[in-house]
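Following: one structure in structure tokens, then a few remarks.
Not measured: the values here are computed from a predicted model.
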Amino acid sequence: RLSYKRCKVWNTSPELATTTRNLLNGNALKTPEQAQFMNEALKDYLQAIGLEEVEVTQRSKDHGIDLKATRKGVGDLSNADITQYLIQAKRYKPNTPISVAQIRQLKGVLLSGQKGIFITTAYFSKQAIEEAENDNTRPIILIDGEKLITSCIDHEIGFIYHPTFSKDALDKFLHKASNEGKEKET
């Protein structure tokens, strides 16, 4: 598993850095403003990975839905082939499993043609994964803490990459390349 504590967070203020670390580590966000930070951060994340019209829902009467988004289809079908996503976000400690009941709750609010996305800083239990995969009419995309961090790194969202020279890594690479060259010669 990735260590959230070792990831360098791109930030503009000490308060934002503290809130981001709390978000990634599943620490309690005590105020409504801090809790809203997760939804706003996920809004930016979802837009960066290609979703459109991303909006944060109201805090009350949202049936557990934290964000809504769309993705238009391709070419001339873009308006005829719009997919609507309902997103539920849960910020828990990384070693906390997301239960099957939480997946069923998200499925319960999906209408025909909608898809769900469940994003968490924790991980999904085996039963929760099976539940998400068992009904193609109400598909749910699962993004656990590790996938979220990896995706953010891949999309250069909130992380700074600092290349580090490692003599050991270079030696291993050169040794591997040397061995592969010898195998091709034989």
Side-chain angles (χ1 to χ4, degrees), residues 1-29 34 37-52 54 66-67 69 71 74 83 85 87-100 102-103 106 115-134 136 139-186:
R1 289 198 169 264
L2 289 173
S3 171
Y4 304 152
K5 293 176 183 172
R6 293 185 185 166
C7 294
K8 295 189 180 198
V9 179
W10 177 27
N11 59 74
T12 56
S13 71
E15 181 181 286
L16 179 59
T18 300
T19 305
T20 303
R21 272 195 228 54
N22 286 339
L23 167 68
L24 296 176
N25 290 316
N27 296 333
L29 296 177
Q34 289 173 321
F37 173 79
M38 178 173 180
N39 291 339
E40 292 297 330
L42 288 176
K43 177 181 177 181
D44 293 342
Y45 166 75
L46 293 167
Q47 289 171 331
I49 65 169
L51 295 181
E52 301 172 51
V54 181
D66 298 301
L67 299 107
R71 177 174 279 161
V74 295
T83 302
Y85 292 90
I87 299 104
Q88 188 168 10
K90 295 292 181 192
R91 187 203 30 76
Y92 296 138
K93 291 193 178 290
N95 61 349
T96 304
I98 297 298
S99 71
V100 68
Q102 291 168 295
I103 301 301
L106 177 55
K115 293 182 180 181
I117 301 176
F118 198 116
I119 303 174
T120 182
T121 54
Y123 75 96
F124 295 99
S125 69
K126 181 180 177 186
Q127 295 83 4
I129 294 169
E130 290 170 356
E131 180 66 27
E133 295 173 346
N134 78 0
N136 290 335
I140 296 185
I141 298 165
L142 302 178
I143 301 174
D144 64 13
E146 187 172 340
K147 285 181 185 176
L148 179 60
I149 296 299
T150 301
S151 178
C152 285
I153 292 168
D154 290 346
H155 289 90
E156 298 178 0
I157 302 167
F159 291 88
I160 300 171
Y161 173 70
H162 293 289
T164 305
F165 176 77
S166 168
K167 183 177 181 324
D168 291 338
L170 181 61
D171 288 344
K172 286 179 186 177
F173 174 77
L174 293 174
H175 180 71
K176 182 180 176 184
S178 174
N179 285 342
E180 287 176 359
K182 289 177 185 176
E183 289 174 5
K184 289 180 181 178
E185 290 175 2
T186 57

Pairwise distance NZ(Lys43) to CG(Leu51) - rounded to 0.5 angstrom:
12.5 Å
Hey, could you give me the CG/OG1 distance between Asn95 and Thr121, rounded to the nearest 0.5 Å?
10.0 Å
Work out which heavy atom in Gln127 is nearest to a heavy atom in Val100; give both atom names and the distance.
O-CG2, 3.8 Å
Is any side-chain heavy atom of Ile103 less than 4.5 Å from a side-chain heavy atom of Phe124?
yes
Can you sort out the partners of Gln102 under side chain to side chain donor-acceptor pair (under 3.5 Å), two or more places apart, ordered by chain and number?
Tyr92, Ser99
Taking the side chain as C-beta and beyond, is there a heavy-atom pair between Pro97 and Tyr123 under 4.5 Å?
yes
Just verifying a value: how many Å separate Arg91 CZ and Ile119 CD1, rounded to the nearest 0.5 Å?
14.0 Å
Quick one: are Asp144 and Ile98 in side-chain contact, heavy atoms under 4.5 Å?
no
Under the side chain to side chain donor-acceptor pair (under 3.5 Å) test, residues paired with Lys126 that sit two or more places apart:
none
Mind checking whether Ile143 and Tyr45 have side chains closer than 4.5 Å, heavy atoms only?
yes
To the nearest 0.5 Å, tell me how far Asp168 CG sits from His175 NE2.
13.0 Å
Can you measure from NZ (Lys115) to CD1 (Ile140) and round to the nearest 0.5 angstrom?
12.0 Å
Ile87 vs Leu42 side-chain heavy atoms within contact, under 4.5 Å
no
Is it true that Asp171 and Lys167 make a salt bridge, defined as a side-chain N closer than 4.0 Å to a carboxylate O?
yes
Report the distance from atom CE of Met38 to atom CG of Asp66, rounding to the nearest 0.5 Å.
7.5 Å
